[in-house]
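Predicted model, so just to flag it, every value in this text is computed and none were measured. Just so it is clear, the values below take in all heavy atoms, side chains as well, and ignore hydrogens, waters and symmetry mates.
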Amino acid sequence: TMVDPSANDPYYALGWSVNSFNNWWHTGSLSGTSTMFVRANNEMNWAILLNTRPSNSNALFTDMDALVWNVIPTIANWPTG
């Protein structure tokens with residue numbers, strides 16, 4: 001239920017943003033801070049916390065998201081434990 005898209009918005013579910021790839025994420029900001037928490041369908045989770053909050057937070061959240069998705073394919077070996 002927590003991640004079922006709402007009837008009004010197929011990309012929002014009870015506080016979580018969701019998509020058709022079964023990824024869930026939540027962003028937020030307070031004065032001087034920005035955060036993003038992601039639960040990805042590839043069994044990866046990450047959180048990013050920054051000590052900045054620009055006037056255009058949407059652009060920052062887009063860049064934060066792209067940063068991780070662009071880095072993941074470049075990692076050749078992951079720790080085993």
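Across all non-hydrogen atoms, the minimal contact from Met64 to Leu50 is SD-CD1, 3.8 Å. Residues Pro10 and Val18 come closest through the heavy atom pair O-CG2, 3.7 Å. Of all the heavy atoms in Pro54 and Leu60, the pair that sits closest is CD-CD2, 3.6 Å. What you find for Ser34 and Phe61 is that their closest heavy atoms are CB-CE2, 4.1 Å.
Rounding to the nearest 0.5 Å gives a distance of 10.0 Å between OG1 of Thr35 and CD1 of Ile48. Remark: Arg39 CZ to Asn45 CG distance equals 7.0 Å, nearest 0.5 Å. Here Asp63 contributes atom CG and Asn58 contributes atom CG; the two are 11.0 Å apart, rounded to the nearest 0.5 Å.
Under the 4.5 Å side-chain heavy-atom criterion for ILVMFWY residues, no single connected hydrophobic cluster contains both Val38 and Leu49. The hydrophobic cluster containing Leu67 does not contain Phe21, counting ILVMFWY residues as joined when their side-chain heavy atoms lie under 4.5 angstrom apart, directly or transitively.
Between the side chain of Asn51 and the main chain of Thr33, no donor-acceptor pair closer than 3.5 Å is present. For Asn41 (side chain) and Asn23 (main-chain N/O), no donor-acceptor pair under 3.5 Å exists by modelled atom type. Although no hydrogens or angles enter the test, the distance criterion places no donor-acceptor pair under 3.5 Å between the side chain of His26 and the main chain of Met36.
For the pairing with Val68, the side-chain contact (heavy atoms from CB on, under 4.5 Å) check across Asn70, Val71, Ile72, Asp65 returns one residue only, Ile72.
With a 6.0 Å radius and a threshold of 12 heavy atoms from other residues, nucleotides or ligands, Tyr12 has its OH atom above the threshold.
Side-chain rings of Trp25 and Trp46 stay apart, their centers remaining 6.0 Å or farther from each other.
For the residue pair Ser29 / Arg53, a side-chain donor-acceptor distance below 3.5 Å is found, with atom types taken as modelled.
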